[in-house]
*Asks:* 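First, the structure itself, so that you have it in front of you.
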Amino acid sequence: MRGEALNLRRRTSRMLKPLGSLLVDIETGWSPACEAYPPADDEWGVIRVSAVTSGRFAPEESKRLPLSLQPRPSLEIRSGDVLVARANGARSLVGVACRVGETRPRLMLSDKILRLVPAPELVDPEFLVTLISSEGVRRQIGNLLNGGSGQNNISQADIRDLLVPDVSLNEQRQIVAAHASIQQRMTTLGRGVVKMGNARRGLAESHVSGPLVSLVDVLAEKPKNGFSPAETHEWSGMLALGLGCLTREGFVPKQLKYVPDSPMARRFRLSDGDLLMSRANTRELVGLVGRYRDVGHPCIYPDLMMRLRPDPSRCIPEYLELVLSLSSVRRDIQAGARGTSESMVKISSAIVEALRVPIPSLSEQKRAVEAISSLDARIEKQRAVAAKLSVIQQGVAEDSLCGQAMARASV
């Protein structure tokens, strides 16, 4: 922590102060035993930690408070609140902050989420989120994590002691305005992506047809769980995928780590076009499917995934990926998941093998895939532009916090 503070001082021309000096209070929440599904509009609920860890507030990520428990109105989340995730199984998600925009009533803080109450004469709430999201503060948080392998945590005292640049309220508002301009462009792009995503789902539903068959009947081999070596190497060996490689958008090559090459590991080597399915995750994310694409280095997959290899004479990988991502199939997978906690449920290979999916002729499968390929290309192009804007936005924040000119704000 002391070393990171020294590095931060070297990178900035500004004085540093404790984050706690900008706050009136830090409030914590409550985590009663809730029901797994979200509350109705007239019901009370408690937000999940996932309501914050995307960097935006997602009120749909919540659980219903049982009618047998009395709500705590003092914990109700309000528009304008600054929220911070204080705990998560993933280290990179601890300390992620967001500001609440318009939100529904009757949602309460959980004990994994903190509400920061800014001193209005000292800090702009939007700027407070920018501070917590800055590179220097994120590094400090990473050095403070005190959890074991299952959960990583930071305390209220840790947050108060974080060192942040001293920026005048007037300059804070200029930085917030520059951020808002870029964010507006990103929001417009995001809405376009959502619309195209909805159109894609509708198009997929309309093009997926054919006689229902058991999934196992169109696979070249039975679903196979992965392999998780205990050791990791820094620069050599085979690459092992992380669970984060499977997203709602499919396969994304991230969370890769080197593991020792061995005859056992080679049994789990992936081939271009293999389908991967998460067999353990939250109930919302379990069963996500992605089609593996060569990353330029031999890869294996972990025990938290299973590999599906379609029989090329019965089914093409792109079509099967499309089918297994349909909402109706996702519901069947989630219904078969089992676990003692909603934060980690598992599916068995038997559940996957028993899935009944529509399988038309190979020519019809190819037509279905081709029908949405151009839309996929447009979606990817929009995402790439949004990602570039995000990099620019972060650069504006870092330059400003270091006392440098905001040259990139007008890009």
*Asks:* Taking the basic N atoms (NZ, or NE/NH1/NH2) and the acidic carboxylate oxygens, is any pair closer than 4.0 Å for E135 and R139?
*Replies:* yes

*Asks:* Using modelled atom types and a 3.5 Å cut-off, is there a donor and acceptor pairing between side-chain atoms of R91 and backbone atoms of N152?
*Replies:*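 No, because the side chain of R91 does not come within donor-acceptor range (under 3.5 Å) of the backbone of N152.
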
*Asks:* So, R86 side chain and I159 main chain: donor-acceptor pair closer than 3.5 Å or not?
*Replies:*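 No.
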
*Asks:* Show the nearest heavy-atom pair for residues P118 and V24, with the distance to one decimal.
*Replies:*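 Closest approach of P118 to V24, heavy atoms only: O-CG2, 3.7 Å.
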
*Asks:* Looking at CD of E60 and CZ of R104, how far apart are the two atoms once the value is rounded to the nearest 0.5 Å?
*Replies:* 11.0 Å

*Asks:* Report yes or no: does D124 contribute a side-chain atom to a donor-acceptor pair with the main-chain N or O of E126 at less than 3.5 Å?
*Replies:*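 Side chain of D124 to backbone of E126, a donor-acceptor pair under 3.5 Å: yes, one is there.
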
*Asks:* Quick check: closest heavy atoms across C315 and L320, and the distance to 0.1 Å?
*Replies:*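 Minimum heavy-atom contact is SG-CB, 3.7 Å.
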
*Asks:* How long is the gap from CG on L163 to CG on L131, to the nearest 0.5 Å?
*Replies:* 11.5 Å

*Asks:* With a 3.5 Å distance limit and no angle check, can you tell me whether S278 reaches the backbone of M305 through a side-chain donor-acceptor pair?
*Replies:*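 No; judged by distance alone, with no hydrogens or angles, the pair does not exist.
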
*Asks:* Please check this pair: side chain of D81 against backbone of L83, looking for a donor-acceptor N/O pair closer than 3.5 Å.
*Replies:*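 Checked: no pair found.
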
*Asks:* Is the count of non-hydrogen atoms from other residues, nucleotides or ligands lying under 6.0 Å from R191 atom CZ greater than 12?
*Replies:* no

*Asks:* Apply the test side-chain hydrogen bond (donor to acceptor under 3.5 Å, both in side chains) to residues E364 and S361: give CA-CA distance (whole Å), side-chain angles for both, the deciding distance (0.1 Å), then the verdict.
*Replies:* CA-CA 5 Å; E364 289 177 282; S361 67; 3.1 Å; yes

*Asks:* Ignoring hydrogens and geometry, is there a side-chain-to-backbone donor-acceptor pair from Q382 to V193 under 3.5 Å?
*Replies:*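 Flag not set: sc Q382 to bb V193 has no pair under 3.5 Å.
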
*Asks:* So, applying side chain to side chain contact (heavy atoms under 4.5 Å, CB included) with L270, which one of I300, L241, L239 is it?
*Replies:* L241

*Asks:* Can you tell me if S62 uses its side chain to pair, donor with acceptor, with the backbone of P59 under 3.5 Å?
*Replies:* yes

*Asks:* Could you tell me the separation between the CG atom of D332 and the CD1 atom of I351, rounded to the nearest 0.5 Å?
*Replies:* 9.5 Å

*Asks:* Answer yes or no: is there a side-chain heavy-atom contact under 4.5 Å between L189 and R185?
*Replies:*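 A side-chain contact under 4.5 Å is absent here.
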
*Asks:* What residues form a salt bridge (charged side-chain N to carboxylate O under 4.0 Å, His left out) with E76, not counting sequence neighbours?
*Replies:*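 By the salt bridge (charged side-chain N to carboxylate O under 4.0 Å, His left out) rule, E76 matches no residue at all.
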
*Asks:* Specify the closest pair of heavy atoms between L203 and A371, including all atoms of both residues, with the distance to one decimal.
*Replies:*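 The pair with the smallest heavy-atom distance is CD2-O, 3.3 Å.
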
*Asks:* Considering only NZ, NE, NH1 and NH2 on the basic side and carboxylate oxygens on the acidic side, decide whether E284 and R48 come within less than 4.0 Å.
*Replies:*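 Answer for the salt bridge query: yes.
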
*Asks:* I47 vs I113, test: side-chain contact (heavy atoms from CB on, under 4.5 Å). Steps then yes/no.
*Replies:* CA-CA 9 Å; I47 61 170; I113 305 294; 4.0 Å; yes

*Asks:* In plain terms, say whether R266 and D261 are close enough for a salt bridge, that is, a side-chain N and a carboxylate O under 4.0 Å apart.
*Replies:*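 Counted as a salt bridge, because a side-chain N and a carboxylate O are separated by less than 4.0 Å.
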
*Asks:* Enter the distance from S214:OG to E353:CD here, rounded to the nearest 0.5 Å.
*Replies:* 9.5 Å

*Asks:* For S373 and D376, which I'm curious about, is there any donor-acceptor pair between the side chains at under 3.5 Å?
*Replies:* no

*Asks:* Does the side chain of V218 come within less than 4.5 Å of P310's, by heavy atoms?
*Replies:*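 SC-SC contact between P310 and V218 ruled out.
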
*Asks:* Kindly indicate whether the side chain of I77, heavy atoms from C-beta on, has any atom under 4.5 Å from the side chain of F57.
*Replies:* yes

*Asks:* For the pair R279 and D303, find out whether any cationic side-chain nitrogen is under 4.0 Å from an anionic carboxylate oxygen.
*Replies:*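 A salt bridge links R279 with D303.
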
*Asks:* Between the side chain of S21 and the main-chain N/O of P18, is any donor-acceptor distance below 3.5 Å?
*Replies:*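 Confirmed, S21 side chain pairs with P18 backbone.
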
*Asks:* For side-chain contact (heavy atoms from CB on, under 4.5 Å), just list the numbers for D161 and L19, CA-CA rounded to whole Å, side-chain angles, deciding distance to a tenth of an Å, and then say yes or no.
*Replies:* CA-CA 6 Å; D161 290 342; L19 182 63; over 6 Å; no

*Asks:* Stepwise, does the side-chain contact (heavy atoms from CB on, under 4.5 Å) test hold for L324 with L355?
*Replies:* CA-CA 9 Å; L324 293 177; L355 290 173; 4.3 Å; yes

*Asks:* Please determine whether side-chain contact (heavy atoms from CB on, under 4.5 Å) holds for the pair R115 and I26, giving the CA-CA distance in whole Å, both sets of side-chain angles, and the decisive distance to 0.1 Å.
*Replies:* CA-CA 6 Å; R115 174 159 52 200; I26 298 179; over 6 Å; no

*Asks:* Using every non-hydrogen atom in the two residues, find where S31 and S110 come nearest and quote the distance to one decimal.
*Replies:* OG-CB, 3.5 Å

*Asks:* Looking at Q172 and V167, would you say the former's side chain and the latter's main chain have a donor-acceptor pair under 3.5 Å?
*Replies:* yes

*Asks:* Give, for atom OG of S349 and atom CG of L308, the distance between the pair rounded to the nearest 0.5 Å.
*Replies:* 10.0 Å

*Asks:* Between atom CG of L362 and atom OH of Y319, what is the distance when rounded to the nearest 0.5 Å?
*Replies:* 10.5 Å

*Asks:* Around atom NZ of K346, are there more than 12 heavy atoms of other residues, nucleotides or ligands at under 6.0 Å?
*Replies:*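 No, NZ of K346 has 12 or fewer neighbouring heavy atoms, counting only those of other groups under 6.0 Å.
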
*Asks:* Relative to each other, are the rings of F227 and F268 parallel, tilted or perpendicular (30° and 60° limits)?
*Replies:*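 Rings of F227 and F268: parallel, under 30°.
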
*Asks:* Quick one: closest heavy-atom pair of A97 and V84, and the distance?
*Replies:* CB-CG2, 3.9 Å

*Asks:* Do the side chain of T188 and the main chain of Q184 share a donor and acceptor less than 3.5 angstrom apart?
*Replies:* yes

*Asks:* Can you give me every donor-acceptor pair (side chain of residues 243-252, partner residue at least two apart or in another chain, under 3.5 Å) with its distance?
*Replies:*
unit_1: T247; atom_1: OG1; unit_2: E249; atom_2: N; d: 3.1
unit_1: T247; atom_1: OG1; unit_2: G250; atom_2: N; d: 3.4
unit_1: T247; atom_1: OG1; unit_2: G250; atom_2: O; d: 3.0

*Asks:* Considering all heavy atoms of both residues, which atom of M277 and which atom of I333 are nearest to each other, and what is their separation?
*Replies:*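 Smallest heavy-atom distance, with atoms named: CE-CD1, 3.9 Å.
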
